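Some notes on the structure that comes next.
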Amino acid sequence: MAFPLQGDDAVRYTSPTPIPNPYWVAFSKSCAELIGLPLANNNLPFDAKWLELLAGNSLEIASYQFTTPLASAYSGHQFGVWAGQLGDGRAILLGDIKGQELQLKGAGKTEYSRMGDGRAVLRSSIREFLCSEAMHALGIPTSRALAVVGSKLPVMRETMETAAVCARLAPSFIRVGHFEHFASLQNTDRLKELADYLIAQHYPDCLNTSEPYLELFKRISNRNAQLVAQWQAVGFCHGVLNSDNISALGITIDYGPFGFLDQFEFDYICNHSDHAGRYAYHRQPQIMHWNMACLASAMLPLIELSYSGEEAQTLLKSALEEFPLTYATAWQKGFRDKLGLYTSEEADIGLIERLLQLMHDSRVDYTTLFRSLGNIDKSTLVTDISLRDHFIDREGIDVWLQDYLARLASESLDDQTRRMLMNKVNPKYVLRNHLAQQAIELAQQDDFSEVLKLLNILSKPFDEQPENEGYSKPPADHLPSISVSCSS
Ligand code: AMP
Ligand code: MG
């Protein structure tokens, strides 16, 4: 079953609106393998009808049944404010393939489009495609992207652009906003259906506990705590952590004005429309916790099926309190691994925080710096460590490096083994905004080679790729900094 709820209050059966003369912009071989889709020699689907299918132009594929495409209703808090009903305004769910839901984003208007045109532009579709696949290769839970299909159909945003459809995959696209929707309608039966489905399909262990719904909440909350810790460690900013963009599976979904940190700033804001910095890098954990509080409120009626209102609130409150601890544990493990520290010492937290503060003060490039930490040998003299050149506060970094070397000395691993392990968590290549932008600008002139090239580079983010060294570098100083808007 692709989506657990039926009925007008939850879903609308909506076919995609065709786009004229579709063409392939990008295609992920790795996603094709995930759903067992046979490919031809050119690495595109063997059955040419897939282009028409993913464009939303025909639902006929011999071996699959996509008879009831649908859009679902959800609500949510946007920028901290209750926004009421939203829903799949431009994403249409076609069905399931091998445990993955196939959704077409930008496939035309649905019941939930409100004032929108139901479309997505080429620019944002390429960004979602590349980032989904890059995050997956980084080992971060995420929806995947099978393909981007383009068309010359004009779409108006700040300027006139052209349409594209991003075909994305996830075991489920259910969001916190789905729970909030039915909670706001005081429809406990619907909440129960959603929760029962998630437990049966995705969290079966909850049934081994005395209160499966409470356990479901804890698991969703803890998964999202771990997810945001992974984002922090890799320097990823989501950009729009509204509750309708938070997955019930704890995966990264709804890529919009996201950004990977170049120069490190605690308060880096990647979303040009986020004036108050609500979704700035250093606020992501707190905001995710806040979203989990929204989920807790929405799930309250489910806990009240077995407990009094007061007891249910107390139970959910203490379940929600697990979030900071789960997050802190995952964050510490993530950053210890980045520093190559495999035994745990209380003082490590201070060491990590001091490094981040020094990086912030000197606006050091995040990805390059962590990658270069692995080059340090235990016996190196501080004055021979080249990464100190990136810091304005030379004295500060020298003291830090001295402490780091002393700490490394207490680790039993030899330099080579530690370097190998560190290079598996400190990527060399991430989807920096200027790289995405370069690929988009060429794609807008019908040259999709750079999208493919980035896809290939980012599918091996931890490997040294000497031929692609330039793609690991921060943006050149002369490039204007790219500010990504919400428009997509
Ligand atoms: P987002 O900010 O992309 O997460 O979108 C928030 C809400 O607006 C969701 O309900 C989307 O489906 C809807 N939405 C965004 N863009 C469009 C569009 N071009 N057409 C219709 N609905 C849209
Ligand atoms: Mg969204």
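Since this is a predicted model, take the numbers as computed values, not measurements. For the single chain, residues carry numbers from 1 onward in sequence order. As the structure lists them, so they are numbered: ligands from 1, and atoms in each ligand from 1.
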Considering heavy atoms of the protein only, find what lies nearest to atom 20 (N) of ligand 1 and give residue, atom and distance to 0.1 Å. Gly118 N, 2.8 Å
Nearest protein heavy atom to atom 19 (N) of ligand 1, by residue and atom, and its distance? Asp117 OD1, 3.0 Å
Thinking salt bridges, do Arg90 and Asp117 make one under a 4.0 Å N-O criterion? no
Is a salt bridge present between Asp274 and Arg278, judged by a nitrogen-to-oxygen distance below 4.0 Å? no
Under a 3.5 Å threshold, yes or no: a donor from one side chain and an acceptor from the other, between Ser28 and Glu133? yes
Using a strict cut-off of less than 4.0 Å between a Lys/Arg side-chain nitrogen and an Asp/Glu carboxylate oxygen, indicate whether Arg432 and Asp365 qualify as a salt bridge. yes
heavy-atom search around atom 21 (C) of ligand 1 in the protein gives Gly89 O, 3.2 Å
Looking only at side-chain N and O atoms, does Ser243 offer a donor or acceptor that is under 3.5 Å from a partner on Asn291? no
Can you confirm whether some protein heavy atom lies under 4.0 Å from atom 12 (O) of ligand 1, or whether none does? yes
Candidate with minimal heavy-atom separation from atom 8 (O) of ligand 1, of Arg119, Lys109, Arg114: Arg114
So which bit of Tyr74 gets within less than 4.0 Å of ligand 1, heavy atoms only: side chain, backbone, both or neither? side chain
Quick one, Val11 and Glu111 - any side-chain contact, counting heavy atoms below 4.5 Å? no
Test salt bridge (Lys or Arg N to Asp or Glu O under 4.0 Å) on Glu215 and Arg219 and set out the steps. CA-CA 6 Å; Glu215 189 62 23; Arg219 293 197 182 204; 2.9 Å; yes
Under 4.0 Å and counting heavy atoms only, is there anything from the protein next to atom 5 (O) of ligand 1? no
Tell me whether Gly87 reaches ligand 1 (any heavy atom closer than 4.0 angstrom to a ligand atom). yes
Measuring from the heavy atoms of Asn245, does anything fall under 4.0 Å of ligand 1? yes
If you scan protein heavy atoms around atom 15 (C) of ligand 1, the nearest is Arg90 NE, 3.7 Å
Quick check, are the ring centers of Tyr281 and Tyr279 under 6.0 angstrom apart? no
Near the Mg ion (ligand 2), is there an N/O/S atom from Asn242 that is less than 2.8 Å away? no
Proximal atoms of ligand 1 relative to Asp254 (non-hydrogen, under 4.0 Å): 4 (O)
Examine the side chains of Ser75 and Trp82 and answer whether a donor and an acceptor come within less than 3.5 Å of each other. no
Is the distance between the ring centroids of Phe258 and His238 less than 6.0 Å? no
With atoms numbered from 1 as shown, which atoms in ligand 1 lie under 4.0 angstrom from a non-hydrogen atom of Ser113? 21 (C), 22 (N)
Applying a strict 4.0 Å limit to heavy atoms, is Gln85 in contact with ligand 1? no
What atom name does the N, O or S atom of Asp254 nearest to the Mg ion (ligand 2) carry? OD2
Give the atom numbers and elements of ligand 1 that come within less than 4.0 Å of a heavy atom of Arg157. 19 (N)
Per-atom filter on ligand 1: closer than 4.0 angstrom to a heavy atom of Leu86 are 10 (O)
Is Gln78 near ligand 1, meaning one of its heavy atoms is under 4.0 Å from it? yes
Any salt bridge linking Glu450 with Lys453? Criterion: basic side-chain nitrogen under 4.0 Å from a carboxylate oxygen. no
